[in-house]
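The sequence lines fix the lettering, A, B, ..., with proteins before strands; numbering per chain opens at 1. From a predicted model like this one, the values you see are computed outputs, not experimental measurements.
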Amino acid sequence: MVNFNAIEQKWQNRWEEEKAFEVKETKKKKFYALEMFPYPSGTGLHIGHAFNFTITDIISRFKRLNGFNVLYPVGYDSFGLPAENAAIKAKKHPKEYTEAAIKNFIKQQKKLGFSYDWSRLVSTSSPDYYKWDQWIFLEMYKKGLAYKKNAPVNWCSKCNTVLANEQVHDGKCWRHETTDVEVKNLNQWFLKTTAYADELYEGIKDLKGWPEDIKKLQKNWIGKSNGTEINFEIETPPHKEGTIGPTTTLYNVFTTRPDTLYGVTFLVISAQHPKLMELVTSEQENKVKKFTKKLNSVSAEDIDKLEKEGVFTGSYAIHPLTNKKIPVYAGNFVLASYGSGMVMAVPAHDQRDYEFAKKYNIPIKVVISPENKTLNEEDMTKAYQERGILVNSEQFNKLHSEKAKEKITKYLEKQKKGKKTVNFRLKDWLISRQRFWGTPIPIIHCEKCGEVPDENLPVTLPENIILKAGKNPLETCDDFVNVKCPKCNGNAKRETDTMDTFTNSSWYYLRYADSTNEKQIFDKKKIKYWCPVDFYIGGREHACMHLIYIRFYTKFLRDLKLLNFDEPSINQFNQGMVHAEDGRKMSKSYGNAIDPLTVIKGSSADALRLFLVSVANPDKDFSWNTRGLESNHRFISKIYDQFNDLKIGESSKKTEHRINNAIKKVTKYIEEIKYNLAIIEIKNLFNTLENEISKKDYESAIKLLSPFCPHIAEEIWEKMGNKELLSTNVWPKYEENKINIELDAEDELIFNTIKDIQNISKFIKSKPKKVIISVSEEWKYKTIKRIKKEMETDFEISRIMKKVMDKDHAKEISKLVPQFIKNPKKLPEILLSQEIELKVLQKNISEFKDKFDLEIEIKSNDPKAMPGKPAILFE
RNA sequence: GCAGGUGUGCCGGAGUGGUCAAACGGGAUGGACUCAAAAUCCAUUAGCUUAGUGCUUACGCAGGUUCGAGUCCUGUCACCUGCACCA
């Protein structure tokens, strides 16, 4: 028995000793392969990680062999809630917990044989790293891109703390099953992602190497819409304590359908709108308060799952064009954060508004009519949301919607009652977290000077502290909180919010290029050489958050003149999800999780790697399957055994063809990240290898295998007498002239004919002495006939004959079928292969004789032969 | 609710307009080898069949485009994923 684990250990040690994958800037062309760095959870590496890293390692090894200077770094996104929770439970500092987890991760990653440059390791919870997070924050702060404002959070009154969405279960606190989670407004830090919204949106179309679905998701997420901002005057009721009478205030609403302006019969303000209460009359106050309270008991996430509901505020707005009074409602379906948090409602032409109007008996007014029809309010059962011709719209009647949009907007602009505007769905990024295990925000609050940036970086997390459940521990840590103001040296308090961990992961790819720089965030020259990332691989779930944040940071740092490119990565790849054998999500709670290390112990790292990428295209989900793993392990053992029996000498023409063809195909498939198809080629190659082969050809075969199974490949490579590492050798080149498809056709033909003879032998139950193979004309021209028939029905040749054959065969066949002379290049491959079959059949009579010890005769153009297939007759 | 995706033989999955009853793998059945098993190798694995590169029915369901659809379009159903404090 071969001990694969020992072989793997041997090569992992060699790679490490020789620093085989450590890189420096050189004159060579670079390739930067990056996987989304993991959160080092206490439970260690799972199969999903192994899958992600294997995909990236394969492309890294492939590019390295192809002469690229490959940067393939490794690191850990080590701040975060789970470490904090675990630390609370274990009464330890999260740092301790995190360091142990990272150590475990490193061990596991090494066992899988990834070709990382370990010297560049980055861990975001280390002050050397988060110092630069704070630095970026301050740069943003200086530019007005980091600011504070009120925002809702989930709040548990028992814990007296903010809850993450994850800690809210069915509207209750995760630790207090009977306590409703409240929505509370806190003053929090934001990054102004909206400042780059337009560039983030418009830049999507230039992301040529990104998958279409990710681009679509981002587009919808950023949600650029062109529309019109319309000013509505609202009569504000007298304030309760105030003595002033009713006043009018201007409120803006955003709409993409200004053409429906005359159909507005009410306004709806978001129930979460900060100024909502200013609009509420004393008569309506109780009702409104009751309504908002009901909403507050629901977690923010669930609000849009509620039925569309609302309540009248008591106030009326003035329609800007008709000057009519229209009621203002507070509603649960209007987003406070989109546009101005208030919408104009056109029940006749918007389904949500329609339902709302029906519910509260608000009038419906048709202003858009389908082209040859009239709409009637009474007959409507749902809103007419399509474009059409304007009616009931005074001077704009008879205009088409699109034209009317323009005209109405222009008219409003003239009247100073509105303007053309662009709106984004993208919100500013709330980065404040009321937690301990994150990057401290480097701001000091001084009573005299106000907010003062703390330039004395890094602002580090306190170390001698035991975390407790509940309140943010930083708040109670006096040493951390009480500081002197950097400006006036008076007493001041440090900001206790920490940053969202997504800030850490928004620029880590840059730090890898210069991970140990203490003086600056990175050396611009190094960045210029290594960045942007050539291949960025990770899960699809990051499409809308991480992948937007990383683009945002990139653009910001570019504007600081630190980068000379606009986008973080050239190519993006998203691997599928790994499901357990039972089809469910792999998870500890289901008890169906698979530990990669256990798998390796039972078979080999190479088998695991091979299996992970052989089942399906890596961008598809796939299910774990123990049998599949075993069969891959067997394949590896087989190669190893096969090598021992192999005679290194001369390759036959067939072997040369196979090897060169395999090089061509495997290279193409790896480049397209179609590893599953590459592996099929590799397996076919090894399975059909003849036992004598030239050294060069066999080495090529091993090289093809090496990105997938680097350990066994190195081992065989060494046994062949090579002293240098295979991992840093050169990828084989194929020779086109050695590829000869006729050899494949020959194989197939021989194989089929043998099969036929066997079958017929069985049928006649006796061994014949002579076999006559007769071929009909019809067999040869069967396909031509079909095409002719198709031509009779006015059929376009060029469309069907996409598969082009080479000139020589085209000529031959064009002699037979004059119609094709016009377009000989466009003959289908079907014809080609059958012509070859005929030739090869004749060429290989001798081979049949040897195999079967019988006489074989071939009759061409036999009128008696069956159409469709060469007939085989026995005597 | 909004957005994105997926649906193929017993199973996992290739496949993007014609060489498709469908690559490759797994399972199952039969056979070879063996005292036996494992491993390995070969065959079969939609139905019918006069045994033919034959016919019929098949790529979620219902329509459509086309000479031709697993592949394109429309509708529909089912499932999966994301939705801004998990990372």
Original post:
If only atom types and distance count, is the side chain of Thr194(A) paired as donor or acceptor with the main-chain N or O of Asp428(A) below 3.5 Å?
Top reply: no
Subject >> For U74(B), the Watson-Crick or wobble counterpart (both distances under 3.5 Å) >> reply: A62(B)
Original post:
Which is true for His542(A) with a 4.0 Å heavy-atom rule: it touches a base, it touches only sugar-phosphate, or it touches nothing?
Top reply: base
Subject >> Sugar-phosphate, base or nothing in reach of Lys216(A), heavy atoms under 4.0 Å >> reply: sugar-phosphate
Original post:
Which part of the nucleic acid, if any, lies within reach of Glu630(A) when heavy atoms closer than 4.0 Å are counted: base, sugar-phosphate only, or nothing?
Top reply: nothing
Original post:
Do any side-chain nitrogens or oxygens of Thr501(A) fall under 4.0 Å of OP1 or OP2 in A87(B)?
Top reply: yes
**OP:** Determine, for Phe635(A) and Lys683(A), whether the Lys NZ or Arg CZ falls below 6.0 Å from the six-membered ring centre while staying within 45 degrees of the axis.
**Re:** yes
Original post:
Using the ring of each side chain (for Trp, its six-membered ring), is Phe37(A) parallel, tilted or perpendicular to Tyr508(A), with breaks at 30° and 60°?
Top reply: parallel
Original post:
Paired with G47(B): which nucleotide, if any, by Watson-Crick or G-U wobble criteria at under 3.5 Å for both distances?
Top reply: C55(B)
Original post:
What is the nucleic acid contact for Leu81(A), judged by heavy atoms within less than 4.0 Å: base, sugar-phosphate only, or nothing?
Top reply: sugar-phosphate
Subject >> Paired nucleotide for C10(B) [Watson-Crick or G-U wobble; both distances under 3.5 Å] >> reply: G26(B)
Original post:
Could you state the CD-C1' distance from Gln642(A) to A39(B), rounded to the nearest angstrom?
Top reply: 16 Å
**OP:** May I ask you to say what Arg540(A) touches in the nucleic acid, namely base, sugar-phosphate or nothing, with a heavy-atom cut-off under 4.0 Å?
**Re:** nothing
Original post:
Asn220(A) side chain: which of G5(B), C86(B), A3(B) is closest?
Top reply: A3(B)
**OP:** Check every strand shown and say whether Ser614(A) touches a base, only sugar-phosphate, or nothing at a heavy-atom separation below 4.0 Å.
**Re:** nothing
Original post:
For atom C1', what is the distance between A21(B) and A46(B), given to the nearest Å?
Top reply: 8 Å
Original post:
Using the glycosidic torsion, which applies to G9(B): syn (within 90° of 0) or anti (everything else)?
Top reply: syn
**OP:** Identify whether any heavy atom of Arg433(A) sits under 4.0 Å from a base atom; if not, whether one sits that close to sugar-phosphate; answer base, sugar-phosphate or nothing.
**Re:** base
Subject >> G13(B) OP1/OP2 closer than 4.0 Å to side-chain N/O of Lys674(A) >> reply: no
**OP:** Rounded to whole angstrom, note down the C1' distance from G9(B) over to A14(B).
**Re:** 13 Å
Subject >> Who pairs with U81(B) - Watson-Crick or G-U, where each distance is under 3.5 Å >> reply: A3(B)
Subject >> Euclidean distance for P, A87(B) against G82(B) (whole angstrom) >> reply: 15 Å
Original post:
Heavy atoms under 4.0 Å, any strand shown: does Asn684(A) hit a base, just sugar-phosphate, or nothing?
Top reply: nothing
**OP:** Please tell me which of the listed nucleotides, G27(B), A14(B), G4(B), lies nearest to the side chain of Asn617(A)?
**Re:** A14(B)
**OP:** With heavy atoms under 4.0 Å as the rule, sort Lys620(A) into base, sugar-phosphate or nothing.
**Re:** sugar-phosphate
**OP:** Might you work through the side-chain hydrogen bond (donor to acceptor under 3.5 Å, both in side chains) test for Trp429(A) and Asp500(A), ending with a clear yes or no?
**Re:** CA-CA 9 Å; Trp429(A) 175 13; Asp500(A) 179 3; 3.0 Å; yes
Subject >> Minimum-distance nucleotide to Arg435(A) side chain [options: C80(B), C85(B), C83(B)] >> reply: C85(B)
**OP:** Choose from C85(B), C41(B), G4(B) the nucleotide whose nearest atom is closest to any side-chain atom of Val162(A).
**Re:** C85(B)
**OP:** Enter the distance from Gln218(A):CD to Tyr201(A):OH here, rounded to the nearest 0.5 Å.
**Re:** 11.5 Å
**OP:** Have a look at Gln218(A) and say if it touches a base, only the backbone sugar-phosphate, or nothing, with a 4.0 Å heavy-atom cut-off.
**Re:** nothing
Original post:
With a non-hydrogen cut-off below 4.0 angstrom, is Asn625(A) in contact with a base, only sugar-phosphate, or nothing?
Top reply: nothing
**OP:** Looking at every strand, decide which applies to Trp429(A) at a 4.0 Å heavy-atom threshold: base, sugar-phosphate, or nothing.
**Re:** nothing
**OP:** Mind checking Gly80(A) for me? I need base, sugar-phosphate or nothing, with any heavy atom below 4.0 Å counting as a touch.
**Re:** sugar-phosphate
Original post:
C85(B), G12(B), A87(B): which one has an atom nearest the side-chain heavy atoms of Gln188(A)?
Top reply: C85(B)
**OP:** Give none if U40(B) has no partner; otherwise give the nucleotide forming a Watson-Crick or G-U wobble pair with it, both distances under 3.5 Å.
**Re:** A32(B)
**OP:** Tell me the partner of G68(B), counting only Watson-Crick (N1-N3 plus N6-O4 or O6-N4) or G-U wobble (N1-O2 and O6-N3) with both under 3.5 Å; none if nothing fits.
**Re:** none
Subject >> Test side-chain contact (heavy atoms from CB on, under 4.5 Å) applied to Ile431(A) and Phe502(A), step by step >> reply: CA-CA 8 Å; Ile431(A) 58 155; Phe502(A) 275 121; over 6 Å; no
**OP:** Would you indicate which nucleotide in G15(B), A87(B), G4(B) comes nearest to any side-chain atom of Met545(A)?
**Re:** A87(B)
